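One structure below.
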Amino acid sequence: MTPRLLLRTGLALLILPVFVLLGIYFLELGDVRDCMLDGGHWDYLDGVCRDTPQPFVPWIVRAPWLVNGSLAVSMLGLGLTMAGLYIKKR
């Protein structure tokens with residue numbers, strides 16, 4: 001692979017997972033906000049609005065594959081970016 005291709009691929013893999021996680025987070029946040037404004041309580045495990053109080057369940061417990069997978073892809077992107085910066089141009 002050329003250094004330029006390594007840099008482009010690495011930067012894409014470094015940045016895109018963050019935007020995906022933020023996008024999913026803000027979609028869920030909108031649902032939680034709508035539920036609370038209606039006077040309900042958000043059930044994080046089922047993703048629905050309930051009438052009774054529900055415990056908070058962090059994202060890492062609900063979707064560990066998404067959080068850990070995004071971190072792994074970002075680390076791969078960091079490695080490719082560093083390799084693209086390290087390899088000499090020909």
Side-chain angles (χ1 to χ4, degrees):
M1 283 184 126
T2 64
R4 186 177 182 130
L5 183 60
L6 280 173
L7 276 173
R8 286 185 180 189
T9 306
L11 287 174
L13 291 177
L14 184 63
I15 295 170
L16 286 178
V18 173
F19 285 115
V20 169
L21 282 177
L22 282 174
I24 295 170
Y25 170 78
F26 281 115
L27 285 174
E28 183 184 57
L29 182 64
D31 293 339
V32 172
R33 184 177 172 271
D34 290 341
C35 176
M36 289 185 165
L37 287 175
D38 290 339
H41 302 276
W42 187 254
D43 185 350
Y44 288 93
L45 291 175
D46 293 332
V48 295
C49 193
R50 306 256 188 224
D51 293 332
T52 58
Q54 301 293 317
F56 173 73
V57 181
W59 228 19
I60 190 70
V61 173
R62 290 182 281 143
W65 53 270
L66 182 65
V67 176
N68 293 333
S70 296
L71 181 61
V73 170
S74 288
M75 290 297 103
L76 176 65
L78 179 64
L80 289 176
T81 302
M82 295 304 292
L85 291 171
Y86 184 73
I87 295 174
K88 293 181 182 180
K89 293 182 182 179
R90 295 176 186 184

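Model, not experiment: these values are computed from the prediction.
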message: I'd like to know if L85 and L80 are part of one continuous hydrophobic network [Ile/Leu/Val/Met/Phe/Trp/Tyr, side-chain heavy atoms within less than 4.5 Å].
response: no
message: Let me confirm one number: the CG-CZ distance from D38 to R33, rounded to the nearest 0.5 Å.
response: 10.5 Å
Hydrophobic cluster membership, L76 vs L5, 4.5 Å side-chain cutoff: yes
task: Measure the spacing between CE of M36 and CG of D31 and express it to the nearest 0.5 Å.
output: 12.0 Å
- prompt: Is atom CZ of F56 surrounded by more than 12 heavy atoms (other residues, nucleotides or ligands) closer than 6.0 Å?
  reply: yes
task: Provide the closest heavy-atom pair for S74 versus L14 in the form atom of the first, atom of the second, distance.
output: O-CD1, 3.3 Å
- request: Kindly work out whether a path of hydrophobic side-chain contacts (I/L/V/M/F/W/Y, heavy atoms less than 4.5 Å apart) joins V67 to Y44.
  value: yes
- prompt: Which pair of non-hydrogen atoms, one from P3 and one from G84, has the smallest distance, and what is that distance?
  reply: CB-O, 3.5 Å
query: Looking only at heavy atoms, what is the nearest atom pair of H41 and Q54, with distance?
result: CB-N, 4.1 Å
- prompt: Are any of the side-chain heavy atoms of I60 and N68 separated by less than 4.5 Å?
  reply: yes
query: With the 4.5 Å side-chain cut-off for hydrophobic clustering, are Y25 and I15 part of the same group?
result: no
- request: First locate atom CH2 of W59, then atom CD1 of I24, and finally report the distance between them rounded to the nearest 0.5 Å.
  value: 5.0 Å
- request: Identify whether L29 and L22 are in the same connected component of the hydrophobic contact network (ILVMFWY, side-chain heavy atoms under 4.5 Å).
  value: yes
- request: State whether the number of non-hydrogen atoms from other residues, nucleotides or ligands found under 6.0 Å of D46 atom CG is greater than 12.
  value: yes
- prompt: With a cut-off of 6.0 Å (strictly less than), are more than 12 heavy atoms of other residues, nucleotides or ligands near CZ of R50?
  reply: yes
message: Quick one, L45 and R62 - any side-chain contact, counting heavy atoms below 4.5 Å?
response: yes
L6 vs T81 side-chain heavy atoms within contact, under 4.5 Å: no
